[in-house]
Structure formats: C-alpha cells, structure tokens
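So the structure is just underneath, and the comments pick up after that.
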Amino acid sequence: MEARLALVVVALLASAPAGGANVFNAKNYGAKGNGVVDDTKPLMATWKAACGTAGAVTMVVPAGIYHIGPGTLKAATDLKRFGNDWIEFGWVNGLTVTGGTIDGQGAASWPFNKCPVRKDCKVLPTSVLFVNNQNTVVKDLTSVNPKFFHIALLSTKNIKMSGLKISAPSNSPNTDGIHIERSAGVYIMDTHIATGDDCISVGQGNDNVDVARVQCGPGHGMSVGSLGRYAGEGDVTRVHIRDMTFTGTMNGVRIKTWENSPTKSNAAHMIFENLIMNDVQNPIIIDQKYCPYYNCEHKYVSGVTIKDIQFKNIKGTATTPVAVLLRCGVPCQGLVLQDVNLKLKGQGTVSAKCENAKAKYVGVQLPKPCP
C-alpha cells in the first residue's frame, strides 16, 4: 500500500514570509481541500510556483483536508534560498500531517556547518518546524538527510507523533531527529531514528514530555539539554522516557547542562525506564560540565539544578568502561538508580563515576554504585 500525505488544516502558512509580497494560494491552483479529491497536482503546482519565485514567499493552504500522495518533497540545495527553516507549520489548532517523505538534501550543506566547533556559528535550516500549534497529530512521516534538525517543536501544545522514520548518516552534523523547546504535552511513540546527532533532544522550557517505544541508533542517543547556556531559559519538568532501545549510539540517556549559566533554572521530575542498551558508549550520563568546544571556561558551576531523576530497569552492553557518569555541579538531588544491569562488551568490567552526586540505589546494580 502506497503512503499518502494528508494535511488536515484549520489554516496553514507553509512558509513564513518577510514582508509577504509574493502569496501563492493553493485554491487558485485548483486545490479542493474536501478530503475526497487528490490534491497532489494543484498543491505541487502551488509549491513549484512559490519555490520558483525569488525573494520571500508565502504558500497559503486554506482550511480543509488535503490528500497528497504518494510523493516526496525535496528541498533545494542552495542555502541562500532559506531562512531558519524549510517547511513551517505555524499557529494552527487541530493540524494533522500523515504519510509522505521529506528529503532535506542536506549532504551538500553539511560541510558549511561549523556549529560543532564554533559557538558563533550560522545555524542551517531545519527541515520541518512546528511553531505555536495546538492539538497536532503527526504520523507515518519519513524524514531523510536534513540540513540541520529533521523536526523541531517550538511553543507547541499537545502534539502526538507516531510511526515516524527519521534517518541521516551517522557523520551528518547536528541532524537531531526531533528537537523540542518551550512546549507542553509532547507524545512521541513507535518511531525509528538513526541520525548524526541526538535522536530526540529536549531543550529548555518544556513540560510533560512522554517518549515510548522509540528505536534509537546510530546517533548520539536521547538528551535532555543542552540547558543553562542562555539567559531566561525555562525549567524542564515531567519528562518520561520509556521502553526504548539504543543501538550503537554514543550515549544512551543524558542530561547535559553548561557551566557559567547566566540565569538559574531546574531540570526535575524525570523517569528513564525500561531501556535496552546495545553496544552504547555511555549508557547513563548526567553532565553538568557540558561543552563540545576545545576552549571552555570553568568559572562557575551550572545554574541548572537537577532533582528527582530516576533511572529504572536499564540493561545491556557498554563499549567503554564508565557505563554510568553522574557529574553534577550544584549537588544533584533525589537521584535514584533501580535495577541497572550494564556489562562491558568483550572482556572486563564496567564502573560508575560520580561527582557531587549522592544517589539511592535499589535492586540490581552493575556497575557497582559510586563510593
């Protein structure tokens, strides 16, 4: 059965204009939006007309149900044609996006990404941005080879994502699968992510994030952070990561915060449970001295307070001897490790390393708890 892409739309601007001089309305190209007629040709005609116009453009998709498919949307390779993102769904209540493939054609752009080595880098465009939406459903969507993030959620409330297939080469920089920021009520289920950075990254200002049954790898694993870098960051609370499998990733589950934070915030009330680690370099990490650059200042401890964090029923193999790293700035509060059973791939044993971290240990513990 061929996949179809369906948009159930209250009102949609497919790209955010700067000035709004060039407006392309799908209804003017023959789109019906009645949920019955295949709107592939008129929507693609609108898309081509918008993409073929110089300068800022707006593609307007009026309220309705638009069936598109089967098909693939391919991004241009010329970076000069983009702002911060490629496809943007914004200010919509009740949007549903299903099926189809988004191809960011990012390989030509990755050599221009200096963010892994420079703080003042120019950020490349995200493939799909959901911003200021409510009650959104995204399912059975495929994303490949973005220029930067695959999918970003910004100031989004109540979004359910499932059946996604997200992929990019393991050496593609900053190709996070799903990045979440300043959002509430995010549910990600039954998804496979293999990419060059975090499978899912939970940034600042989020509440009630639930991730379940996600296959992650290769890539950098599942991260909360990085946090504490900028002024005015919001707390991250109520994160539940469960029933995930990590295969060949750099990290398993990680909380990462910067030192020298300009303002204070909290990362609290999180549960990481029922996780399988298959040949993961660093299965469990709290790192409050996070800095990916060569020269980093260590003047002040991180301004992010970490509290009420539980790691439960985590099993599998690590590829480095330190399988559990708990490196806190201000002492972490309320850490619990329960039924953690990790072994070193090959010969030898794994260990745990702790700094300003006193945890409660329950049930099976391998590696042995920090002294």
Side-chain angles (χ1 to χ4, degrees), residues 16 18 82-85 88 90-91 113-126 129-134 148-149 151-157 159 173-176 178-186 197-198 200-209 220 222-239 251 253-270 285-309 326-335 355-357:
F82 296 91
N84 294 328
D85 54 75
E88 180 176 306
W91 295 269
N113 183 355
K114 305 303 180 184
C115 292
V117 295
R118 290 181 55 181
K119 285 186 178 181
D120 59 346
C121 64
K122 178 177 173 56
V123 174
L124 301 187
T126 290
L129 173 65
F130 293 89
V131 56
N132 283 295
N133 297 307
Q134 297 183 48
F148 204 70
F149 296 160
I151 298 171
L153 312 180
L154 177 61
S155 299
T156 293
K157 295 182 179 179
I159 181 170
N174 298 112
T175 52
D176 293 37
I178 303 171
H179 178 74
I180 309 164
E181 198 159 310
R182 299 201 301 271
S183 295
V186 177
D197 210 293
D198 294 330
I200 299 172
S201 53
V202 181
Q204 60 95 7
N206 292 299
D207 177 61
N208 191 19
V209 177
H220 289 191
M222 166 81 215
S223 286
V224 175
S226 60
L227 307 176
R229 183 177 180 181
Y230 301 105
E233 291 190 9
D235 296 341
V236 180
T237 56
R238 297 195 297 166
V239 175
N251 306 297
V253 288
R254 173 174 59 162
I255 301 172
K256 54 181 180 179
T257 76
W258 291 78
E259 295 178 293
N260 311 307
S261 306
T263 53
K264 296 185 182 299
S265 61
N266 295 306
H269 316 308
M270 303 182 190
I285 298 182
I286 294 177
D287 184 5
Q288 292 211 266
K289 295 183 178 180
Y290 172 76
C291 180
Y293 308 116
Y294 292 112
N295 297 318
C296 299
E297 293 184 334
H298 303 285
K299 291 183 178 180
Y300 310 105
V301 297
S302 176
V304 181
T305 298
I306 293 177
K307 55 186 177 181
D308 186 20
I309 310 295
L326 307 176
R327 183 163 64 175
C328 300
V330 174
C332 296
Q333 307 169 22
L335 299 183
E355 182 179 330
N356 290 328

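These numbers come from a predicted model, not from an experiment.
- Side-chain atoms of Ile286 and Leu335, non-hydrogen and from C-beta on, do get closer than 4.5 Å to each other.
- Between atom CG of residue Asn356 and atom OG of residue Ser302 there is a gap of 12.0 Å, rounded to the nearest 0.5 Å.
- Ile285 is not listed as a side-chain neighbour of Arg327, based on a closest heavy-atom distance of 4.5 Å or more.
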Run the side chain to side chain contact (heavy atoms under 4.5 Å, CB included) test on Val236 and Met270 for me, step by step, so that the C-alpha distance in whole Å, both residues' side-chain angles and the decisive distance to 0.1 Å come before the verdict.
CA-CA 9 Å; Val236 180; Met270 303 182 190; 3.8 Å; yes
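- Under the side chain to side chain contact (heavy atoms under 4.5 Å, CB included) criterion, Ser183 pairs with Leu153, Thr156, Ile180, Val186, Asn206, not counting sequence neighbours.
- When the salt bridge (charged side-chain N to carboxylate O under 4.0 Å, His left out) test is applied to Arg238, the partners found at least two apart in sequence or on another chain are Asp207.
- Taking CG of Asp176 as the reference point, atom CG of Asp197 lies at 4.0 Å (rounded to 0.5 Å).
- When all heavy atoms of His220 and Asp198 are compared, the closest pair comes out as CB-OD1, 3.3 Å.
- Every residue meeting the side chain to side chain contact (heavy atoms under 4.5 Å, CB included) condition with Lys119, not counting sequence neighbours, appears here in chain and number order: Arg229, Trp258, Tyr293.
- With sequence neighbours left out, the side chain to side chain contact (heavy atoms under 4.5 Å, CB included) criterion links Val131 to Glu88, Trp91, Leu129, Leu154.
- Judged purely by atom type and a 3.5 angstrom limit, Gln288 uses its side chain to pair as donor or acceptor with the backbone of Val304.
- In this structure the side chain of Lys307 reaches within 4.5 angstrom of the side chain of Asn266, judged on heavy atoms.
- To the nearest 0.5 Å, the span separating OG1 on Thr305 from CG on Leu227 amounts to 11.5 Å.
- Atom CG of Asp120 is surrounded by more than 12 heavy atoms from other residues, nucleotides or ligands within 6.0 Å.
- Using a 4.5 Å heavy-atom cutoff, the side chains of Asp287 and Lys289 are in contact.
- Residues that satisfy the ring-ring contact (aromatic ring centres under 6.0 Å, His included) test with His269, not counting sequence neighbours, are absent from this structure.
- Formation of a donor-acceptor pair under 3.5 Å by the Asn174 side chain with backbone atoms of Cys115 is not found in this model.
- One distance of note links CG of Leu124 with CG of Asn84; it measures 10.5 Å at 0.5 Å rounding.
- The shortest non-hydrogen separation linking Ala231 to Pro262 is N-CG, 3.3 Å.
- The closest side-chain heavy-atom distance from Arg254 to Tyr290 is below 4.5 Å.
- A heavy-atom distance below 4.5 Å is not found between the side chains of Glu259 and Cys296.
- Formation of a donor-acceptor pair under 3.5 Å by the Thr263 side chain with backbone atoms of Gly232 is found in this model.
- Nearest heavy-atom pair, Gly303 versus Ser261, reported as atom, atom and distance to 0.1 Å: N-OG, 2.9 Å.
- Residues meeting the ring-ring contact (aromatic ring centres under 6.0 Å, His included) test with Phe148, sequence neighbours left out: none.
- Put simply, the side chain of Glu181 never gets that close to the backbone of Gln204: no donor and acceptor are under 3.5 Å apart.
- When every heavy atom of Asn260 is checked against every heavy atom of Glu297, the shortest pair comes out as ND2-O, 2.9 Å.
- Atom CG in Asp235 sits 12.5 Å away from atom NZ in Lys264 (nearest 0.5 Å).
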